[in-house]
Amino acid sequence: MTTQDLITKIGLKPLSKFEHRDVEGVFVSDMLSDVMAGAKSGNLWLTIQTHKSIVPAANLVDVSAVIITSGKEVPQDTVDLASKYNIAILSSDLATFELVGKLYGLGLGAK
Amino acid sequence: MSECQHQWEMTNIQFGFVVFEKCFHCNELRTYFSVEDNPILGDKYREGDHFWSRAENAQSFRFDLKCTRCNHVEKFDDLMGLLHCTGCLPDCEVETLRKKYEAQKTWILVAFGFLPEAKTEPIPPHKLDMLTDYFNQRRDTSRSMIKIVSFNLIEDLSLCKGDFIHDVGMLSLEPPPGRKPLF
Ligand SMILES: [Zn+2]
Ligand SMILES: [Zn+2]
């Protein structure tokens with residue numbers, strides 16, 4: 001599955017400019033330390049954090065996309081920084097819990 | 001020297017806080033790791049000639065690296081955190097390196113030791129290389145790479161506007177308006 005497939009299947013809204021890539025697994029956390037310690041390359045990272053620091057954190061651990069849940073508004077400087085580093089920032093109106101259910105349904109939880 | 005082509009993983013992960021304190025007498029900055037969960041911002045206390053005031057309190061973590069092949073453990077308790085260079089000082093050596101490496105799709109991060117000790121005893125280059133290797137081993141390096149450099153390269157620390165990858169203000173995080181309860 002790719003970021004492109006997810007956008008179409010779940011109706012995610014792309015906010016930054018990025019190249020599509022393969023998605024492997026999901027990581028849910030609102031703490032950067034947690035992400036730096038535990039997220040894996042290719043993971044989708046689900047969070048409600050929108051401040052600029054999510055971009056270098058996402059970049060450091062090579063997640064395939066950051067999905068901002070609950071329709072939380074993302075500041076423009078976060079989006080601009082993500083575009084610069086080719087990091088996908090996607091937005092969903094669903095709460096994290098509901099989105100996780102959908103992603104699981106698409107087979108992203110089974111490994 | 002070891003012949004092993006180390007394959008690193010994080011070990012001894014400990015979550016806590018990086019506390020930033022400033023002396024309002026001499027302006028010295030000091031930082032330390034604490035597992036205490038509620039240091040109070042603005043808290044002031046005297047220690048010898050210094051009058052420390054707590055300026056920032058960021059949720060963070062510390063870890064060591066362990067090689068899964070030879071079991072060598074390298075301690076990183078001297079690493080305060082990683083800073084993302086925002087290109088704020090045009091003459092800064094980090095900014096020069098950033099431009100050079102970014103052209104090769106290699107993203108620079110700046111490793112900080114704890115202050116003030118790290119000013120005289122910075123994290124040694126071989127450990128920064130280990131960190132670089134570790135984060136590259138975790139990623140798809142055909143797309144891009146990571147390079148960790150030392151904060152000693154920063155032209156003027158007091159002017160640097162780089163961003164630490166820390167959770168600042170997490171303790172006052174409010175849920176987004178209109179968010180429904182999960183259950
Ligand atoms: Zn080894
Ligand atoms: Zn002082």
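Reminder, nothing fancy here: chain letters follow the sequence lines and each chain counts from 1.
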Determine whether a donor-acceptor pair (N or O, by modelled atom type, separation under 3.5 Å) exists between the side chain of A:Thr50 and the backbone of A:Val74.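 Pair absent, no side-chain N/O of A:Thr50 close to backbone of A:Val74.
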A:Asp30 side chain to A:Thr47 main-chain N or O, any donor-acceptor pair under 3.5 Å?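 No, because the side chain of A:Asp30 does not come within donor-acceptor range (under 3.5 Å) of the backbone of A:Thr47.
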Do B:Met10 and B:Leu65 come close enough that some side-chain heavy atom pair is under 4.5 Å?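 Yes, close enough: below the 4.5 Å cut-off.
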Parallel, tilted or perpendicular: rings of [Y] and [X] (30°, 60°):
X	Y	answer
B:His84	A:Tyr85	perpendicular
A:Phe18	A:His20	perpendicular
B:Phe151	B:Phe112	parallel

Can you pull out the residues in residues 53-65 of chain A with any heavy atom less than 4.5 Å from chain B?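 Counting heavy atoms that sit under 4.5 Å from chain B, the residues of residues 53-65 of chain A involved are A:Ser53, A:Pro56, A:Ala57, A:Asn59, A:Leu60, A:Val61, A:Asp62.
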By a 4.5 Å heavy-atom criterion (distance strictly below it), what part of [X] contacts chain A: side chain, backbone, both, or neither?
X	result
B:Asp140	both
B:Leu109	side chain
B:Phe15	side chain

What do you reckon, is CD of A:Glu73 surrounded by more than 12 foreign heavy atoms closer than 6.0 Å?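 For A:Glu73, atom CD is not crowded (no more than 12 foreign heavy atoms under 6.0 Å).
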Out of A:Gly38, A:Gly71, A:Ala39, A:Ala37, which one racks up the most heavy-atom pairs below 4.5 Å with chain B?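 That would be A:Ala37.
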Run through B:Glu21, B:Glu56, B:Glu117 and flag the one making a salt bridge (charged side-chain N to carboxylate O under 4.0 Å, His left out) with B:Arg30.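 Only match with B:Arg30 under salt bridge (charged side-chain N to carboxylate O under 4.0 Å, His left out): B:Glu21.
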